[in-house]
Amino acid sequence: ALEFASVELRDDPKIVLAAVYQAGSALLYASNRLCDDREIVRAAVRQDGSALLYASNRLCDDHEIVEIAVDQNGSALEYASDRLRDDPKIVLAAVRQDGLALEHASDRLRDDPKIVLAAVGQDGLAIQFASHELREDTAWLKQAMDHLRRDSEQYDQLERALSFLEDESPPAKRTRL
């Protein structure tokens, strides 16, 4: 295991590549130089999208690398650069794989009806990460519920999440007459 390898072996591209093919998370033990190597990081995130956590900042901002990572594990969106967490194509790929990845999307995309619908279609509980404005838009919520009726499990999850969010909202201010 790379974890127990010497510093020299952790900086050997062939050794590290073999390790990440087996377990993408082995990237954690690679040298900083190799955590910035496209071929090695690509192999790591293809095996385990969450290995993006150990990639260099430069590669966390690389469209191809991040797309591979979120296709494998939508929650890897958390480790993408801010720029890519605001990229509709990347975020859509992430939420289609794991609806709860919506939590890590930019505020702008958490307000995008198409992206939020894809997220709740994958996991009804993702509605909690939609923008407040979208959650308050009754016309959009009706459309989302109608769309999800085909998938009774996701419909039920969305219904439960919405009732939970209603219970958690602050009570309306009362004024004295």
Side-chain angles (χ1 to χ4, degrees), residues 20-21 23-25 27 35-166 168-169:
V20 299
Y21 274 133
S25 60
L27 190 61
C35 288
D36 191 47
D37 181 289
R38 279 181 61 80
E39 179 185 4
I40 289 171
V41 172
R42 185 184 302 116
V45 299
R46 190 169 276 132
Q47 201 283 327
D48 178 357
S50 293
L52 189 62
L53 170 64
Y54 310 117
S56 68
N57 289 340
R58 180 181 73 89
L59 293 179
C60 287
D61 191 49
D62 182 291
H63 197 278
E64 177 195 5
I65 297 291
V66 172
E67 189 168 27
I68 291 168
V70 300
D71 280 344
Q72 199 283 327
N73 181 344
S75 67
L77 183 63
E78 178 179 1
Y79 311 119
S81 67
D82 288 344
R83 180 181 73 88
L84 292 180
R85 293 188 321 172
D86 191 48
D87 182 298
K89 183 178 178 187
I90 293 287
V91 173
L92 196 54
V95 300
R96 284 182 174 155
Q97 201 285 324
D98 178 357
L100 298 178
L102 184 63
E103 177 180 11
H104 306 294
S106 68
D107 288 344
R108 179 179 75 92
L109 295 182
R110 290 167 68 161
D111 194 43
D112 183 303
K114 179 182 173 186
I115 288 176
V116 175
L117 188 58
V120 298
Q122 200 286 323
D123 188 329
L125 296 176
I127 191 68
Q128 66 188 308
F129 302 118
S131 70
H132 177 75
E133 292 78 14
L134 208 51
R135 289 194 321 256
E136 296 293 315
D137 183 338
T138 54
W140 182 84
L141 285 172
K142 182 183 179 329
Q143 177 188 4
M145 297 293 275
D146 290 345
H147 177 77
L148 292 177
R149 281 192 205 285
R150 291 178 239 129
D151 183 343
S152 62
E153 182 182 336
Q154 295 309 325
Y155 179 82
D156 291 344
Q157 270 190 339
L158 178 59
E159 204 168 48
R160 283 194 304 275
L162 287 172
S163 66
F164 175 77
L165 290 171
E166 286 173 5
E168 292 293 309
S169 62

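Values below: all heavy atoms of this structure, side chains included; hydrogens, waters and symmetry mates excluded. Along the sequence shown, residues carry numbers from 1.
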Approximate separation, where rounding is to 0.5 Å, of L27 CG and S50 OG: 12.0 Å
Please output the side-chain donor-acceptor pairs of residues 136-144 that fall under 3.5 Å, not counting sequence neighbours, one pair per line with the distance.
from : atom 1 : to   : atom 2 : distance (Å)
D137 : OD1    : A139 : N      : 3.1
D137 : OD1    : W140 : N      : 3.0
K142 : NZ     : D146 : OD2    : 3.0

A118 versus L92, closest heavy-atom pair with distance: CB-CD1, 3.6 Å
For S25, all residues meeting side chain to side chain donor-acceptor pair (under 3.5 Å), sequence neighbours excluded: none
CA sep, side-chain torsions, deciding dist, call: V20, Q47, side-chain contact (heavy atoms from CB on, under 4.5 Å): CA-CA 7 Å; V20 299; Q47 201 283 327; over 6 Å; no
Contacts of type side chain to side chain contact (heavy atoms under 4.5 Å, CB included), residue D62, not counting sequence neighbours: R38, L59, E64, I65
Side chain to side chain contact (heavy atoms under 4.5 Å, CB included) partners for R85, two or more places apart: L77, A80, D82, H104
D111: partners by salt bridge (charged side-chain N to carboxylate O under 4.0 Å, His left out), with sequence neighbours left out: none
Atom of G24, atom of D48 and distance for their closest heavy-atom approach: CA-CB, 4.1 Å
Neighbour count >12 (heavy atoms, 6.0 Å) for atom NE2, H63: yes
With sequence neighbours excluded, residues passing side chain to side chain contact (heavy atoms under 4.5 Å, CB included) with D71: E67, A93
Can you give each donor-acceptor pair under 3.5 Å made by side-chain atoms of residues 95-103, sequence neighbours left out, with the distance rounded to 0.1 Å?
from : atom 1 : to   : atom 2 : distance (Å)
Q97  : OE1    : G74  : N      : 2.5
D98  : OD1    : L100 : N      : 3.0

Flag side-chain contact, heavy atom, 4.5 Å: P113 against L134: yes
Any side-chain heavy-atom pair of D61 and R83 under 4.5 Å: yes
Shortest non-hydrogen separation from A76 to G49 and the atoms involved: CB-O, 3.3 Å
For V41 against A55, the heavy-atom pair lying closest together: CG1-CB, 3.8 Å
Spacing of SG belonging to C35 relative to CG belonging to L53, to within rounding of 0.5 Å: 10.0 Å
Test applied, side chain to side chain contact (heavy atoms under 4.5 Å, CB included); reference residue, L109; option that passes from I90, D87, V91: V91
Verdict with supporting geometry, D107 and S131, side-chain contact (heavy atoms from CB on, under 4.5 Å): CA-CA 7 Å; D107 288 344; S131 70; over 6 Å; no
